[in-house]
Amino acid sequence: MFSNIANFGSMLKKVKELGEKVHEMNDRCRTVRVSGRAGAGMVHIEANGLSEIVNCKIDPEIFSRGDCELLEDMIITATNQALETAREKHAEIMRNLAGTMDLPDLEGLKEAFFKEGE
């Protein structure tokens with residue numbers, strides 16, 4: 001019985017460490033910058049690793065053309081490109097983080113507390 005409590009304490013410590021790692025990962029993702037471009041760079045969208053749009057630049061020449069539909073399409077294209085790259089960076093950071101973690105044996109913990117037939 002007491003070994004089960006020790007296992008539970010160990011698991012709680014690992015959960016706390018996991019929370020700290022996730023916080024660290026979010027901080028790292030927040031500083032990552034990726035971009036998407038459309039219209040030969042006339043529209044430039046920048047996002048961070050949390051898929052938040054952090055900057056948008058539009059070449060003023062686009063406005064002189066008066067083609068709102070084209071501008072809308074370029075904004076959507078550049079934004080989708082930036083968000084896709086942000087998701088890829090986020091996944092890469094998560095993989096790197098997961099490789100450094102010592103995750104608890106949840107199956108073993110379940111067996112220790114919930115033995116069959118009891």
Asks: Starting from Ile58 and following side-chain heavy-atom contacts under 4.5 Å between hydrophobic residues (I, L, V, M, F, W, Y), which residues can be reached?
Replies: Met42, Val43, Ile45, Ile53, Ile62, Phe63, Leu70, Leu71, Met74, Ile75, Leu83
Asks: Closest heavy-atom contact between Leu50 and Cys29?
Replies: CD2-CB, 3.6 Å
Asks: Taking all non-hydrogen atoms of both residues, which atom of Ser51 and which atom of Ala86 are closest, and how far apart?
Replies: OG-CB, 3.8 Å
Asks: Might you work through the side chain to side chain contact (heavy atoms under 4.5 Å, CB included) test for Glu46 and Lys57, ending with a clear yes or no?
Replies: CA-CA 9 Å; Glu46 189 176 48; Lys57 294 202 185 279; over 6 Å; no
Asks: Does Arg65 come within less than 4.0 Å of Glu61, counting only side-chain N to carboxylate O?
Replies: yes
Asks: Write down the atom of Glu52, the atom of Asn48, and the distance for their closest heavy-atom approach.
Replies: OE1-ND2, 2.7 Å
Asks: Say you draw a straight line from CZ of Arg28 to NZ of Lys21; how long is it, rounded to the nearest 0.5 Å?
Replies: 8.0 Å
Asks: Check Glu92 with Arg95, please: is the shortest side-chain N to carboxylate O separation under 4.0 Å?
Replies: no
Asks: Is there side-chain contact between Glu17 and Lys13, with at least one heavy-atom pair below 4.5 Å?
Replies: yes
Asks: Nearest heavy-atom pair of Gly41 and Arg37: which atoms, and what distance?
Replies: CA-CB, 4.3 Å
Asks: Say you draw a straight line from CG of Leu18 to NZ of Lys16; how long is it, rounded to the nearest 0.5 Å?
Replies: 12.5 Å
Asks: Can you confirm whether Asn26 sits close enough to His23 that some side-chain heavy atom of one is under 4.5 Å from a side-chain heavy atom of the other?
Replies: no
Asks: Above 12 or not: heavy atoms from other molecules or residues under 6.0 Å from CD of Glu69?
Replies: no
Asks: If you look at every heavy atom in Gln81 and Ser35, which pair is closest and at what distance?
Replies: OE1-O, 4.1 Å
